[in-house]
Each structure stands twice: as C-alpha cells, then as structure tokens.
Protein chains: 2
Amino acid sequence: MKSPSLSDDGTPVEPKYSETALRILEAAERLFVELGLEATSLRLITQQAGVNLAAVNYHFRSKAALFEAVFARRFEPWARECLRELGRLEARASAGTARFDAEAVMMCYVRPALALSKDPARGGALFVRLFSRVLVENHRVLRETLSRDWGHLVTRYSEALGRALPGLSAEEVAWRLHLGFSVMFHAFAGNDILKLFGRSAVSARDPDLIVKHVVPFVLAGMGAVPRAGSSAQ
Amino acid sequence: MKSPSLSDDGTPVEPKYSETALRILEAAERLFVELGLEATSLRLITQQAGVNLAAVNYHFRSKAALFEAVFARRFEPWARECLRELGRLEARASAGTARFDAEAVMMCYVRPALALSKDPARGGALFVRLFSRVLVENHRVLRETLSRDWGHLVTRYSEALGRALPGLSAEEVAWRLHLGFSVMFHAFAGNDILKLFGRSAVSARDPDLIVKHVVPFVLAGMGAVPRAGSSAQ
DNA sequence: GTACGTTTAAAACAGACGTTTGAGACGCTG
DNA sequence: CAGCGTCTCAAACGTCTGTTTTAAACGTAC
C-alpha cells in the first residue's frame with residue numbers, strides 16, 4: 001500500500017485496474033470479509049470472479065499483495081476524507097463559525113464512517129468489517145504500513161480531542177479517545193458481542209440508526225468526570 | 001462444547017484432561033490467539049507442546065473440536081461466574097442491601113472479566129483476546145453453541161439493565177447494553193484501533209487501569225439522555 | 001501482414017495441510 | 001506372567017494450497 005501519486009489539482013490518482021483486476025478485487029473483498037485471509041483461497045476468488053487462477057499472480061504479485069490492494073483501495077480515500085474533515089473543523093473554528101468541542105471532533109470521524117457505510121461503490125459496510133478483521137488478526141505488513149503512512153491521522157484526532165477537552169491530562173484524553181473510537185469503530189463494523197449469543201435486540205446494520213445511538217453514548221462517555229482518586233484527574 | 005455434567009453438590013465437573021491433552025490445550029490456546037484458527041497448524045501446536053502429531057486427533061477428535069475445547073475450558077467457568085454475580089445482585093437488591101442500578105449491573109460483568117484477566121491459570125487476558133477473535137471470525141459451530149447453551153446469559157443482563165434503567169424503551173435499553181458491552185469487551189480484549197496506527201498513548205494491557213477508565217465512560221454513556229427526536233425516547 | 005507487448009488459458013509444481021493407519025510401549029489387573 | 005485398555009509414535013494418505021510455467025489469443029503499431 002504505497003502512497004498514490006497526485007495529479008495536478010492535488011486529487012489522488014487511483015491506480016487504474018483492468019476489468020479482470022477489478023473483478024478479482026471485488027470478489028476478494030467479499031470473501032476476505034466473510035472467510036478471512038487464510039481461509040480464502042485464490043481458487044475460490046478467481047472462480048467467483050469468473051477469471052483464471054493465474055490472473056491473480058499476474059495482476060497482483062501475490063496473495064498478500066492482493067490483500068493489501070483490496071484494503072488500500074477502500075482505506076485511502078476514506079482516510080483522506082477524515083483528514084479533510086479535521087482541516088475543515090480547524091478552519092471554521094479559527095473563523096469563529098464553529099465550536100471546537102468533543103462533538104465536533106467526533107463528527108469528523110462519524111461523517112466519513114457514515115458516508116462510507118452507506119456507499120456500496122466504496123465498499124460500504126463490507127470494508128468496515130474487513131477493517132475490524134485486520135484489527136484483531138493483526139497483520140504485520142498492514143500494521144507497519146498504517147503506522148508509517150497514516151499514523152499522523154491518529155495524531156491529528158488526538159490533538160483535536162485534547163484541544164476540545166482542555167483541562168484534562170494527556171493520559172485521560174488518550175483513554176477517552178481510545179474508548180470512544182472503540183465503540184464507534186466496532187459499532188460501524190457490526191461487531192456485536194450480544195449477537196454472538198443470538199440475543200441482540202438491536203438491528204445494528206442500519207448506519208443511520210447506529211449514529212443516532214452511538215453519538216449520544218460516546219459524547220456522554222467522553223464528557224464523563226474522572227473517578228475520584230484517578231491519577232488522570 | 002456440551003454442557004458439563006454436574007456433581008452431587010451442583011458444582012460443575014471439569015473434564016479431566018491427561019498430561020498430553022493439557023499440553024496441547026495450552027499450546028493451542030496461545031497459538032490460536034496469536035495466529036488465528038486457520039493459520040495455526042496442528043503440526044505447529046504439537047511441536048510447541050512437545051507431543052506427537054496424532055495425539056491431537058486421539059484426544060480431541062478433530063482440529064475444530066480442539067478449538068471448541070480450548071474455548072469451552074475458559075468460557076464456561078467465566079460465564080457461570082457472571083450468572084452468580086447477577087444472582088447475588090438480585091438477592092441483595094431484594095434484601096435491600098444493594099441498589100439495583102446501571103453501575104451494579106455493569107459490575108456484574110466487570111468483576112468476572114477483571115478476575116479472569118488477572119488470572120493466568122484461567123487463560124488470563126489471552127482468553128479474552130481469543131474470544132474477540134471468535135467474535136469477528138464468526139465461527140458457525142461456536143455461534144450455535146453459544147446461542148443454544150448460553151443465550152440466557154445475555155437475556156439475564158438485558159433484563160437486569162432494563163430494571164436498572166426504568167423509563168427507557170426496550171429498544172433504548174438494548175442499544176445501551178450493546179454499546180456498553182462493546183466498549184468493555186473490546187477494552188479487555190485489547191482491541192485498540194489506535195494502536196494499529198502505532199499511535200495509541202494508552203497502555204491498555206493493565207486490567208486495573210482498564211477498569212478505572214472504562215467504568216466511568218460506560219456509566220456516563222448508559223445514563224445518556226436520548227437525543228431529541230429519538231424514536232427510542 | 002507481421003511483429004510486439006499484454007492478457008488469458010490450462011496444466012503442473014513442490015509443499016503444507018488435517019487425518020488415518022498399524023505397530024509398539026506403557027501401566028495396570030488378574 | 002499373561003491379558004488388556006490406554007496412549008504414543010513414525011509414516012503415510014489424499015487433498016488443497018500459493019505459485020510458476022508454457023502456450024495461445026488478443027489488439028495495436030509499423
């Protein structure tokens with residue numbers, strides 16, 4: 001997942017994929033989400049994509065490289081949208097047309113996540129699930145790439161939340177960022193622990209419904225007063 | 001994962017494992033967490049356990065059955081402790097010696113999770129991570145078993161939270177249960193999305209520290225006032 | 001028309017996988 | 001000591017894996 005080159009107007013140039021490569025990407029994305037990286041064979045991918053087996057190694061060097069391509073195709077546009085949101089918030093706060101509070105920072109994540117979840121053309125909710133697989137499966141290569149090329153994304157959110165919650169220690173801000181993003185991330189990914197027991201009463205697949213419930217929850221959590229005796233007071 | 005038989009005094013009888021079977025269970029637990037089910041080969045497990053390859057199929061019928069045994073060995077004692085906690089809370093609330101509020105219900109989950117995380121003899125934090133892999137990998141067999149044998153565990157928590165938050169609609173209670181347990185579960189499992197970017201400032205591996213920060217966060221979220229216009233008001 | 005780079009096709013590669021086999025070792029009971 | 005169930009061991013089974021190879025088809029430029 002190397003950083004894509006930029007065209008003259010600064011918008012990223014998406015690598016051009018051939019018809020065959022695109023069919024592979026789409027079948028692979030669906031199967032990686034449903035079965036995981038290891039359990040998905042190239043033969044199953046090419047069969048569902050209706051292409052030849054060797055096409056994978058021709059268009060994408062290897063299975064691992066295919067996985068990275070699948071991930072990068074969805075992740076990079078989304079991450080850039082998050083950065084744009086943060087930039088817009090800072091600009092409007094400087095201009096005095098917006099409050100720089102926890103809700104505003106949170107919405108810089110919620111809006112891109114919601115837009116992504118509702119847009120099948122960009123992978124929709126499927127990619128968010130793939131992302132959560134990456135998280136728990138802890139792919140080494142992808143972790144290195146995310147850390148190297150996109151670590152500043154987290155840094156930006158961290159600084160923004162610190163500015164939105166003045167008076168809190170850096171440690172306390174880090175924890176609220178951690179917990180807040182955990183809920184939101186897993187809520188959008190549909191990782192419902194209660195559903196595993198077949199007893200979840202929420203239909204956690206509707207993105208708008210997720211936002212409606214997760215936003216007040218996280219806002220309340222982020223604004224929580226630290227417990228008495230907390231070292232992070 | 002069939003329900004274990006009960007001895008005369010009602011305490012569950014843990015299946016007796018031979019020395020070899022135990023070595024397999026322990027090596028498998030560690031490797032399943034680190035590599036996942038598919039990526040962990042029986043040859044690697046038996047090699048690290050210092051036993052013969054065929055011992056796995058002798059002691060545990062198949063690889064899938066081994067995985068279920070690994071999971072059940074840790075899960076069942078923990079789930080029973082959760083049920084005991086809920087029972088104790090109900091008893092003390094009836095006796096008037098305890099308040100039946102959201103915090104009390106939440107602690108019925110936090111205490112067992114904390115105790116488990118700090119006890120290496122019961123799998124410690126390792127098992128919680130394994131559990132979270134089960135969640136996103138969505139193993140069919142395990143899901144069926146959890147739903148059939150342990151669905152009532154979730155029902156109990158759900159009823160308890162509904163009782164602790166009177167005046168809220170069932171849908172609203174379900175969402176707060178879902179979101180609250182999501183944070184707690186993934187916090188204990190150490191599924192830190194920020195860490196994936198190498199920029200997490202929290203050392204989310206210390207169970208006591210997790211509790212200290214996650215409890216106020218979740219309590220605030222669960223007590224959050226629903227947004228205006230919410231259908232779940 | 002012919003040469004060329006690009007893409008597809010079928011087949012084969014070596015290796016790893018989960019599982020099974022059959023023989024032998026061990027510890028008990030009579 | 002003999003008999004027997006429990007367990008271990010090395011070897012092999014057939015299947016599936018990611019990858020490579022070889023040949024053929026395609027569109028385009030000379």
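Lettering of chains follows the sequences in order, A, B, ..., and the numbering in each one begins at 1.
Rounded to an integer number of Å, the gap from CZ of B:Phe60 to P of D:dC7 is 12 Å. A:Leu22 places its CG atom 13 Å from the P atom of C:dT7, with the value rounded to the nearest Å. Note: CD (B:Glu38) to P (D:dC16) measures 15 Å, nearest angstrom. The separation between B:Asn57 atom CG and C:dT20 atom P is 6 Å, rounded to whole Å. In this structure, the CZ atom of A:Phe67 is 18 Å from the P atom of D:dT17, given to the nearest Å. Atom CG in A:Leu42 sits roughly 13 Å away from atom C1' in D:dT20 (whole-Å rounding). Put simply, CG on B:Asn52 is 14 Å from P on D:dA12, counting in whole angstrom units. Look at CD on B:Gln47: it is 18 Å from P on D:dT8, rounded to the nearest Å.
In this structure, B:His59 reaches the D:dT8 phosphate: one of its side-chain N or O atoms is under 4.0 Å from OP1 or OP2. Taking side-chain N and O atoms only, B:Ser41 has no distance below 4.0 Å to OP1 or OP2 of C:dA16.
A residue-by-residue look at B:Ala64 and A:Ser18 shows that A:Ser18 has its nearest nucleotide of DNA chain C further toward the 5' end. If B:Leu53 and B:Glu19 are placed on DNA chain D by their nearest nucleotide, the residue sitting closer to the 5' end is B:Glu19.
Distance from the side chain of B:Arg43 is smallest for C:dC17 among the nucleotides D:dG18, D:dC7, C:dC17. Checking C:dA10, C:dT7, D:dG18 against the side-chain heavy atoms of A:Tyr58 singles out C:dT7 as nearest. Of the listed nucleotides (C:dA9, D:dT19, C:dG18), D:dT19 has the atom at the smallest distance from the side chain of A:Ser62.
Ring-plane geometry between B:Tyr157 and B:Tyr109 is classed as perpendicular, the angle between the planes exceeding 60 degrees on a 0 to 90 degree scale with a lower cut at 30. Using a 30° and 60° split on the angle between ring planes, B:Phe60 and B:Tyr17 fall in the tilted class, from 30° to 60°. Using bins of under 30°, 30° to 60° and over 60° for the plane-to-plane angle, the ring pair B:Phe71/B:Phe75 lands in the parallel bin.
Rounding to the nearest 0.5 Å places CD of A:Glu68 at 13.5 Å from NZ of A:Lys63.
Within 4.0 Å of B:Thr46, counting heavy atoms only, lies no atom of the nucleic acid at all.
Here A:Glu29 does not pair with A:Arg129 in a salt bridge; the nearest charged N to carboxylate O distance is not below 4.0 Å.
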